[in-house]
Amino acid sequence: MTTPTKEELIKAAWDRWFEADYSWEGLKEKGLQDYWLTDPETGKKRTEAALIKAGELIRAEGQKTYHIAHLPLHYKDGTPTIKTSRIDEVQTRLNNVIQSRLKKSEFLWNNLSENNDKTRFKDTVARFDGAVLLKAEFHDKFINADFFKSIFVGSTDFKKARFFGNADFSDTLFDEKADFFDANFDGEAIFADASFVGGANFGFVEFGGKSIFFRTTFAQEVSYAHANFGKMALFIKSNWPHTLNNHLDAFFNAIFEDFADFRGNGFKAFSAFNGAQIKQNLAFDSPEKESDAGYQFMSELNEAKQSGKYKDANIEALQGGCRTLKQEMEKISDKTREHIFYKFEVMARRELASTPWSEKIASRIYGSISDYGMSLGMPIAWLLVLWVVFAIQYASYYNIMPLDLTKSPELTAHNLSEIAKALMVSGSRLFPFGAFEFVSRDFANQLSATHSDMVVLGYRVLASFESLLAIILAFLFGLAIRRRFQLS
């Protein structure tokens with residue numbers, strides 16, 4: 001899934017906004033006109049003339065009429081509105097309108113009793129559907145805040161805001177950074193189809209109800225560090241930024257108390273899960289092909305390696321994210337994906353400057369001969385290589401195969417017979433039982449009769465080394481079988 005450009009996201013949001021029609025007449029069709037006609041302080045319904053006099057209803061020749069809360073930056077034909085030409089004046093007027101409605105909403109909420117809770121619940125909703133807000137800065141209480149299809153122009157500051165009831169930011173555009181740091185959502189937090197163009201900060205946020213980020217687009221840096229998801233967290237089909245630095249540690253120390261669903265996002269952004277604490281289960285996409293998984297991981301790893309002075313920190317975050325995902329796959333007994341993330345974790349650790357060279361070498365060997373315990377064929381292939389390579393060495397004892405492999409041996413009938421014997425000797429070190437059981441012993445006795453003790457010693461060391469390698473390969477083959485068929 002390709003993340004659209006900033007310009008594309010902004011244009012698409014405005015196109016949807018104009019199509020939805022939040023003009024004054026459009027508000028009437030949506031049943032919202034009365035909400036904006038009603039004076040929040042007196043509760044009385046005002047006339048349109050009164051709204052025009054108060055500067056809330058904006059009329060322009062040849063254009064649709066808009067309430068100041070819904071006035072766009074430009075009319076549909078591109079003509080600028082007073083929101084671009086008289087910014088300070090409009091900002092002050094708009095803030096007064098919004099604040100008065102927030103206070104009314106909070107007042108009604110605080111005065112609800114248990115008996116009339118259900119009957120007056122709708123009265124508490126702050127109806128900001130389709131609002132176009134400039135550099136919004138709110139640290140208030142929001143009661144059932146409705147920002148459906150709203151557009152936030154400029155940086156948006158909701159730090160420490162408290163949302164009672166549900167907060168609906170569906171299909172909302174944040175065209176610059178949106179900061180919800182340390183905010184609290186008592187009810188559902190709904191950001192379905194929202195677009196965060198300039199980054200999103202949900203650090204230390206408390207999500208008391210279900211959090212819904214369905215098809216949400218994050219174009220720049222995103223952070224939920226230290227956030228607490230009290231109930232189900234749905235990030236289904238969300239569009240994550242492709243740049244490592246923009247999703248790095250996105251859920252660091254975030255706590256998911258309930259089910260976390262990340263399906264439909266693609267098999268990527270592994271470093272986002274570094275340090276995440278998932279109490280229940282996590283749903284995560286599977287790669288279409290194992291090669292695709294490896295390509296995606298190497299892409300993120302290479303990006304981390306090119307991070308300059310932050311190289312090791314970024315690699316550690318990638319390693320930690322893979323570890324978290326590995327543990328989650330282990331919880332649901334998904335052995336295939338568990339081992340894929342184990343493999344990525346080992347590969348990331350190998351690139352850290354703090355990892356000992358001995359471990360790096362062992363890691364590379366482990367990957368080369370068994371694909372980190374995932375391959376059934378690679379250990380068998382290496383056993384065949386061992387068989388032939390060591391047979392060549394044993395053939396040299398028959399004086400028919402020179403140790404200088406650049407020289408071609410004479411393949412007479414006698415020599416071919418001796419080569420077959422050398423292959424049997426090598427086979428006996430790989431399979432020291434059955435038909436091969438006594439071959440290597442007999443060969444050692446033959447050497448003792450015709451060669452010096454040093455030659456015999458060399459053979460025994462060589463044969464023991466072959467057996468040791470064969471045991472390792474046999475173990476890796478058994479490990480791959482166990483993982484492939486999930487044997488206990």
Evaluate Phe164 against Arg162 for side chain to side chain contact (heavy atoms under 4.5 Å, CB included), listing each step before the verdict. CA-CA 6 Å; Phe164 293 90; Arg162 184 74 181 269; 3.3 Å; yes
Give the C-alpha distance, both sets of side-chain angles, the deciding distance and a yes or no for side chain to side chain contact (heavy atoms under 4.5 Å, CB included) between Phe297 and Ser299. CA-CA 5 Å; Phe297 171 77; Ser299 175; over 6 Å; no
Nearest atoms (heavy-atom pairs only) where Asn274 meets Ala317: CB-O, 3.3 Å
Lys331 (side chain) donor-acceptor with Lys326 (main chain) under 3.5 angstrom: no
In this structure, CG of Asp168 is separated from CG of Asp129 (nearest 0.5 Å) by 8.0 Å
State whether the side chain of Lys83 and the backbone N or O of Leu71 hold a donor-acceptor pair below 3.5 Å, judged by distance alone. yes
Given the ring of Phe169, does Lys149 sit roughly above its face, with NZ or CZ under 6.0 Å from the centre of the six-membered ring and within 45° of the axis? no
Taking side chain as C-beta onward, heavy atoms only, is Leu73 less than 4.5 Å from Leu134? yes
Taking side chain as C-beta onward, heavy atoms only, is Val132 less than 4.5 Å from His70? no
With under 30° as parallel and over 60° as perpendicular, where do the rings of Tyr366 and Tyr342 fit, or are they tilted in between? perpendicular
Say whether, by atom type as modelled, one donor and one acceptor occur between the side chain of Thr5 and the main chain of Glu8 under 3.5 angstrom. yes
What distance separates Phe270 CZ from Leu248 CG, expressed to the nearest 0.5 Å? 13.5 Å
So, Arg215 side chain and Ser238 main chain: donor-acceptor pair closer than 3.5 Å or not? no
Return the orientation label for the Phe235 and Phe256 ring planes: parallel under 30°, perpendicular over 60°, tilted otherwise. perpendicular
Could you check whether any side-chain N or O of Asp371 sits under 3.5 Å from a backbone N or O of Met374, counting only pairs where one atom can act as donor and the other as acceptor? no
Thr84 side chain to Pro80 backbone, donor-acceptor under 3.5 Å: no
Under 6.0 Å between ring centres: does that hold for Phe181 and Phe158? no
Donor-acceptor contact below 3.5 Å, side chain His139 vs main chain Lys159: yes
Restricting to non-hydrogen atoms, name the atom on Arg59 and the atom on Ile52 that form the minimum distance, rounded to 0.1 Å. NH1-CD1, 3.4 Å
Side chain to side chain contact (heavy atoms under 4.5 Å, CB included) between Asp175 and Ile151, worked out: CA-CA 8 Å; Asp175 74 357; Ile151 292 182; 5.7 Å; no
Run the ring-ring contact (aromatic ring centres under 6.0 Å, His included) check on Phe191 and Phe147 step by step: do they pass? CA-CA 10 Å; Phe191 289 85; Phe147 288 97; 9.7 Å; no
If you count every heavy atom of other residues, nucleotides or ligands that lies below 6.0 Å from Lys30 atom NZ, does the total exceed 12? yes
Polar side-chain atom of Lys104 near backbone of Gln99 as donor-acceptor pair, under 3.5 Å: no
Is there side-chain contact between Ile82 and Ile58, with heavy atoms separated by less than 4.5 Å? yes
With rounding to the nearest 0.5 Å, note down the distance linking NZ in Lys45 to OG1 in Thr38. 7.0 Å
Nearest 0.5 Å, please: how far is CZ in Phe138 from CD1 in Ile98? 5.5 Å
Side chains of Glu300 and His247: closer than 4.5 Å at any heavy-atom pair? yes
Kindly say whether the aromatic ring centers of Phe262 and Phe251 come within a distance under 6.0 Å. yes
Is it the case that the side chain of Trp17 and the backbone of Gly130 share a donor-acceptor pair, with hydrogens and angles ignored and the cut-off at 3.5 Å? yes
dist Ser170:OG -> Ile212:CD1 (nearest 0.5 Å) comes out at 7.5 Å
Ring-face cation of Lys360 near Trp357 (centre distance under 6.0 Å, axis angle within 45°): yes
Of the non-hydrogen atoms in Gly377 and Ser375, which two are nearest, and what is the gap between them? N-OG, 3.3 Å
Side-chain touch Asn201/Glu221, heavy atoms, less than 4.5 angstrom: no
Would you call the rings of Trp14 and Phe18 parallel, tilted or perpendicular if under 30° counts as parallel and over 60° as perpendicular? tilted
Are there more than 12 heavy atoms of other residues, nucleotides or ligands under 6.0 Å from atom CH2 of Trp382? no
Minimum heavy-atom separation for Asn265 and Asp285, please, with both atom names. N-OD2, 2.9 Å
Centroid-centroid under 6.0 Å between Phe267 and Phe341 rings: yes
For the CG atom of Leu282 and the CD atom of Glu328, what is their distance to the nearest 0.5 Å? 5.5 Å
Does Asp88 have more than 12 heavy atoms from other residues, nucleotides or ligands lying within 6.0 Å of its CG? no
Checking ring-ring contact (aromatic ring centres under 6.0 Å, His included) against His67, which of Trp36, Phe128, Tyr22 comes through? Trp36
Does the side chain to side chain contact (heavy atoms under 4.5 Å, CB included) test come out yes or no for Gln280 and Glu257, once each step is laid out? CA-CA 6 Å; Gln280 298 297 324; Glu257 301 283 357; over 6 Å; no
With a 4.5 Å cut-off on side-chain heavy atoms, are Gln220 and Phe196 touching? no
Donor-acceptor contact present, side-chain Asn246 to main-chain His242, <3.5 Å: no
Shortest non-hydrogen pair, Ser195 vs Leu9, comes out as OG-CD2, 4.0 Å
Option passing side-chain hydrogen bond (donor to acceptor under 3.5 Å, both in side chains) with Glu359 (candidates Arg349, Arg364, Arg350): Arg349
Write down the atom of Glu303, the atom of Asn245, and the distance for their closest heavy-atom approach. OE2-N, 4.2 Å
Could you walk me through whether Phe273 and Phe284 pass ring-ring contact (aromatic ring centres under 6.0 Å, His included), step by step? CA-CA 11 Å; Phe273 297 91; Phe284 196 79; 5.6 Å; yes
A side-chain contact here means heavy atoms from C-beta on lying under 4.5 Å apart; do Lys279 and Asp258 qualify? no
Please work out whether the ring planes of Phe229 and Tyr224 are parallel, tilted or perpendicular, with thresholds of 30° and 60°. tilted
Do the side chains of Met232 and Leu234 get nearer than 4.5 Å, heavy atoms only? yes
Carefully, step by step, assess Asp39 and Lys44 under the rule salt bridge (Lys or Arg N to Asp or Glu O under 4.0 Å). CA-CA 5 Å; Asp39 188 327; Lys44 294 180 179 180; over 6 Å; no
